[in-house]
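These notes are about the structure you will find just below.
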Amino acid sequence: MNPNQLNDICLRQLTFSGVHEAETIAVLSRGAERADYADSFMFAAQQLGASTYHMRLPDATDASGAWAVGESGLAGNPLAVDALKQADMLVDLTFLLFSKEQFAIQDAGTRILTCVEPAPLLARLMPTRELRERVEVGDEILKKARTMRITSPHGTDVTYQLGVYPTMTEYGYTDTPGRWDHWPAAFVFTGGADDGVDGTIVLAPGDVLLPFNTYVQNPVKLTIEKGFITDIRGVDGASSLDADLLASYIKSFDDPRGYGMSHVGWGLDERAQWHGLTQFPGGMGMELRSFYGNVMFSIGPNNELGGPNDTPCHFDIPMRGCSLFLDDEPIVVDGDVVVPDMRPGGK
Ligand SMILES: [Fe+2]
């Protein structure tokens with residue numbers, strides 16, 4: 001994407017995010033990463049009359065892998081955190097999510113937009129107000145529910161006890177003080193009670209293992225008791241390389257909280273493609289979290305929702321073809337959203 005096109009989509013993004021001339025927009029990057037994004041966001045902020053600056057952190061020095069969450073480059077850097085708290089909006093090009101520093105910046109009223117995906121994907125999944133409204137319909141329904149049950153033809157049958165943690169929306173922009181979002185995105189989620197997730201999840205071929213950036217090839221059976229995964233294996237005694245890889249990955253963190261059940265919800269963007277990983281293997285998988293009718297569950301921390309689990313072991317798994325019920329009412333049936341107000345065009 002050439003610089004003019006990147007400028008243009010960043011200008012559209014900051015317009016959605018309500019940036020105006022009385023505001024200060026901070027842009028945070030790390031090392032040499034996404035310097036072009038930083039330039040385009042600052043250009044866009046200036047076009048909208050806002051003040052702007054770019055804070056650049058040193059390169060990451062640890063080798064814990066791209067998916068170990070919660071350790072931000074801002075840790076132990078209170079002056080930098082204080083500076084970002086003064087901004088009206090922070091554009092995060094580093095992926096601060098799950099860090100204490102991100103929560104502190106949000107608590108100060110600064111809204112945060114994370115932007116780390118490849119530019120062509122940002123352009124193709126530009127947010128829309130219509131999609132935001134449909135995500136917010138999901139939020140209204142989800143926050144009233146007390147149980148979520150997920151089933152699939154492959155043998156998934158798991159129930160989450162709800163009502164402890166808030167629901168969260170992601171629709172790809174943020175114009176609300178203190179609110180975080182991620183561009184691109186279109187989904188809604190919450191978390192089960194800490195000891196309130198029980199049942200079986202069977203990962204089927206084509207479900208997505210996001211930290212591995214791969215699709216499941218061999219079915220994987222997960223047994224969940226009182227909010228924690230207690231067993232990971234192939235189905236009906238069959239060997240499963242995917243089960244072995246998943247089990248090995250979680251075990252490597254040497255943290256029992258890595259087996260916890262994290263966020264759970266469904267995706268709503270009909271433009272997002274299930275096969276997206278084949279097109280953007282270097283991204284973070286936001287297209288896969290967003291594709292229409294996917295049911296995504298997650299393993300690991302729940303501090304994003306206000307819970308106590310802040311393990312760095314985090315694993316998102318969008319699944320195809322599932323059904324999702326809230327208090328026994330169908331919301332997603334066989335991978336299709338059945339609530340009219342959440343469907344494209346309201347039909
Ligand atoms: Fe996640």
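Indexing begins at 1, ligand by ligand and atom by atom, following the structure's order. Basis for what follows: all heavy atoms, side chains included, without hydrogens, waters or symmetry-related copies.
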- Message: the Fe ion (ligand 1) and Glu304: any N/O/S contact shorter than 2.8 Å?
- Response: no

- Of all N, O or S atoms in His263, the one closest to the Fe ion (ligand 1) is NE2

- Using links of under 4.5 Å between side-chain heavy atoms of ILVMFWY residues, direct or through other members, which residues join Val235 in one cluster? Val202

- Message: Taking transitive links into account, so neighbours of neighbours count too, which hydrophobic residues share a cluster with Val338 at under 4.5 Å side-chain distance?
- Response: Val333

- Task: Tell me, please, whether Tyr292 has Arg320 positioned over its six-membered ring: NZ or CZ under 6.0 Å from the ring centre and within 45 degrees of its axis?
- Result: no

- Verify, without hydrogens or angle tests, whether Arg149 (side chain) and Asp327 (backbone) share a donor-acceptor contact under 3.5 angstrom. no

- Rounded to 10°, how many degrees is the angle OD2/Asp316-the Fe ion (ligand 1)-NE2/His314? 120°

